[in-house]
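Below is one structure, written out as structure tokens, with a few remarks after it.
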Amino acid sequence: MGVESGAIPVKAGRMGSLVSKARAWYSGVPLLGWLLGVLVAVALEHILGRRVARALGMSKEPVLFGFVTMLRDPALLPSAVLYVLLIYLLPIAAVARLTAQLTNRLAATLLSLSSGVSSAVHLGLIYGALHLWSDLSDYRLLLVRLTLIAIMVTLSLNLVNGYMGEFSCSHPGFMALGAYTASVFTVILFVDDRVFGAPLLALPPLLGQFVFPIALILGGVVAALGALLVAVPSFRTRGDYLAIVSLAFMFIVKSLIENLEIVGGPRGLQGQPDWANLPTVFLWAVACIWIINNFVRSTLGKALNAVRDGEMAANAMTVDTRRTKMVAFLFAAFWAGVAGGLFAHVLRYVNPGTFDLKKLAEVLAMVYLGGLNSVMGSIVGAVGFNLLSEALRPLQIIKWMIIPVLLILVMIFRPTGLIAFREFDVQELIRPKGEPQQH
Amino acid sequence: MIFFQNLVNALQLGSFYALIALGYSMVYGVLMLFNFAHGDVFMVGAYIGFLVSTGLLTLANLGAVALPTWLILALTIILAMFLTSFVGMLVERVGYRPLRGAPRASAAISGLMIGIFLETFVLWLGGPKRRSFPALIESTTYELGGVIVTNKKIVIVLVSMLLMLALHLFVRRTKWGMAMRAMAYDYVVVPLMGVPLNTIAALTFGLGSALAAAAGVFFGIAYPVLDPYMGIRYGWKAFVAAILGGRGSVLGAALAGFMLGFIEIFVAWIFPSTWRDLIAYSIILLILTLRPHGFFGEPYSAQLRL
Amino acid sequence: MPSLQVEGMTHYFGGLRAVHGYDLRVEPGQIRGLIGPNGAGKTTIFNLVTGRYTPTEGRITLEGEEITGLEPHKIASKGLGRTYQNLRLWRHMTVLEHVKLARYSKIGYGLVGAFFGTSRRHREEAEIEERANTLLELVGARHFADQVVTSLPYGAQRRVELARALATEPKILLLDEPTAGMNLEELVQMMDIVRRIHDELGLAIFLIEHRMKIVMELCDVIQTLVFGQVIAEGTPNEIQRNPAVIDAYLGKDVVT
């Protein structure tokens, strides 16, 4: 006992100093450097991944950072870890550190041009990495697109449950409205379908890409109209009212679609054109994050927080609280609808059963895991939840005992989520990190 | 005639909803929390009832003990209620008590996760296969002017009503019931007055879960199949019914439960049965729009605060 | 034209008459006080004037324009700012955000600006921020600007609330016990600030106060309210000598 209690601080101290040394070593690396590192690592996997994996005794490159491989076959654990180390961690660490000077200068130059240009370059790097990474398997491509959509759904629900402090349960319903509206639109107009017949407009496939945004926006608008049905009775009174009304609404939407034979009833609707490719989904997700972040950082958007923290005082300080709540709720529903449209076109199949309580639990879990009132939180929540959910997939049913326990622990130790109440400041993120900035 | 037949069926279905809704309503009334795990507690209660009755029947068949069927039935109900009340208290202890200072929404999420856990746990232990509940009541059918009534239905409806009456008396007449009502009235002051908050919270969850277990056993008797998803199928509807009844109102929750049963049965009678949820929830939405505070509730002054 | 005028205002809560036949006329630049024992209906009068409750009877005008029965945010944006007896600040927001938000109704960039970050929005936000900082300077809370409001000392929170009310560009400011719960140092500072606001911005002020010394020192005219009715109105000197006031209210406070 005595030995142990003496040994632990030493060990912790050594570890601590190692961590702080590493942190100091890497504090000068700007975001641009990290992204460059990731891009190099992913490119490396593209070229060498298969060979490295074979050399380590795996049949092909591990699909999800080795997690799935490890859980399927624990004997491959060392190989998987080694693979991740060799292909991802070491190259990222090396490139990020070695190019720090270069990337800092580059970041400074870009920022001096304009923050728009700099953001675009960063986004380009992110896209490049995602593209290369998902290029290696269809599974990855699907996962990346679904995760991007999950970010949109999570962020838009955060607007209501986090920023505005209400508790809404109707997001699956809004997604369903968007998914079906967009699908019906594209299938009627552009696809030779059994139910709807020959396409009304025979467009060359390339042009479809330009019509797709219309379908998505239409889906978003219908979702927002649905939200109006929830909002009008709900926002007359304060409190838990929205939770129940929105829950009932979700069930109504699902049941309504199940009874609409024209869109396939409970069997669902399929044959959506293959337009929701990675660049499309990526652009929509970026647009969603950008617009919502703009909104919540404006004084108009901050009115949501004031409504949450004290509606009466907000009203006395000239804030039209009713309008504020309506706008935010409809806006959130719009993005859920757009995400739903994308979702339907990624899977190219949609059925009402998807948008039920399980989806609701998933979306709520992502919002509260990531953190309330935080754009970064929603990104982390959605990505974290999706990666975790996929990584644990080999455990099959046990996965659904592990995830709830993890979430309960998060709720106990961080009741508002991992990264709650944080501003998402792009300027701060993309600035060069050369010398410590004055504050 | 068909009308009266449906009425009898609606009374039975309403009993389940009412018993489950009471659990939601109590937790919401006393602690101002959504217990999203409650539907799954109902499911667990049904499975516990299944295990208890199967065990007792096996013992009886082996001749180890001489148990008449009615006693097995009574023991099943009582034991299931007793054991499930501990499940309810465990839910409170694990998912709600550590979050008492936290935003109410976080507690709701934690409850939701416990529900998923319970569901998966039962699925993992028992498999996805449906279990048929042993027949504890020798079915007898009576015909009253064309309406067919089984003795099962009579027992279920009567015992449900008795349990609700017992709860009502408990809440109105006993010291603990008074403490619960006082808590519903003022969450902040009561703990200061020497009423232990933890005990009240455990009691509230325990009582609600016991009633849900009774509903589970009756469900098993009436439709003798159980599956791990029955909790979400019936629980969420009962949750909405509880809110419809009004915040923390025992009478309101019971009435709303019965009303939900009636709506469902009669919708299925008149319209295609696939429209059941659609119309039931639409009616609920309409009622909530017209009477935002439910039948007997006070205004929802509180909110899921951050 | 008076800044704020109330004529024959009566209000019932259920069957209970909280305010009866209340009249008020606040001239531009005047500081008016409202005193009275606990439960006399002082805060109710504030809530009626600011639109939180709609009076059962009576008429309220702000610079000649009728505001009776309007929603609180409309009344506020027409030029009526208020503070609360027990602070009503927004717990997750910074000091600067509080003051900026009170300019909500003056924002012109609209949702398009909020969503897409137009140049007009950046310009307006910069203006709002500059104004907010000026007001924070005025109440001596500039150095707290980026802190979350709950981390501030109590007196500072009160001053932030004052700055927030000022940011609505009021024509008249309603202060509900601005020095409640303050220590002596904070109190002196607050009085100083109220005077400065009055002198520099030329605002009319209508305040509820419990501490006699403050009311007597600050106000031009004082009303005394008992059981929802005004029993006396006059200059501090007159009020101090009014036997009805002494009887109903001052009697027990004179000692302290």
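Residue numbers begin at 1 in each chain, while the letters A, B, ... track the order of the sequences.
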Pick one of side chain, backbone, both or neither for A:V296, based on which atoms fall under 4.5 Å of a heavy atom in chain C.
-> neither

Between chain C and each of A:V327, A:T321, A:N315, count heavy-atom pairs under 4.5 Å; write down the option with the most.
-> A:N315

Considering non-hydrogen atoms only, spot the tightest contact between A:A316 and C:Y84 and give its length.
-> CB-OH, 3.2 Å

Applying a criterion of heavy atom separation less than 4.5 Å, what residues of residues 70-77 of chain C form contacts with chain A?
-> C:P72, C:H73, C:A76, C:S77

Of the listed A:N293, A:I292, A:N305, A:V319, the one with the largest count of heavy-atom pairs under 4.5 Å with chain C is A:V319

Excluding sequence neighbours, so at least two apart, what forms side-chain contact (heavy atoms from CB on, under 4.5 Å) with C:V26?
-> C:L4, C:L24, C:Q30, C:R32, C:I172, C:A204

Residues two or more places apart in sequence or in another chain: which of them pass side-chain contact (heavy atoms from CB on, under 4.5 Å) with A:A285?
-> A:L148, A:M152

Heavy-atom distances under 4.5 Å only: say whether A:R322 touches chain C with side chain, backbone, both or neither.
-> neither

Hey, which residues of residues 112-119 of chain C are touching chain A, say heavy atoms under 4.5 Å apart?
-> C:A114, C:F115, C:F116, C:G117

Closest-packed option against chain A by number of heavy-atom pairs under 4.5 Å, given C:R82, C:H98, C:E97, C:K78 | C:E97

May I ask you to decide if C:S105's main-chain N or O and A:T318's side chain share a donor-acceptor pair within less than 3.5 Å?
-> yes

Answer yes if the side chains of C:E125 and A:T299 hold a donor-acceptor pair under 3.5 Å, and no otherwise.
-> yes

Quick one: what part of A:A314 sits under 4.5 Å from any heavy atom of chain C, side chain, backbone, both or neither?
-> both

dist C:L111:CG -> A:I291:CD1 (nearest 0.5 Å) comes out at 12.0 Å

Minimal non-hydrogen separation, C:R164 against A:A313, with atom names = NH2-CB, 4.0 Å

Is any side-chain heavy atom of A:K302 closer than 4.5 Å to a side-chain heavy atom of C:K100?
-> no

Which heavy atom of A:S298 sits nearest a heavy atom of C:Y109, and at what distance?
-> CB-OH, 3.5 Å

Answer whether the closest heavy-atom distance between the side chains of A:T324 and C:Y104 falls below 4.5 Å.
-> yes

Roughly how far, to the nearest 0.5 Å, is the NE2 atom of C:H92 from the OG1 atom of A:T416?
-> 7.5 Å

For C:R121 and A:R297 the tightest heavy-atom approach is NH2-C, 3.6 Å

Under a 4.5 Å heavy-atom cut-off, does chain A meet the side chain of C:I107, its backbone, both or neither?
-> side chain

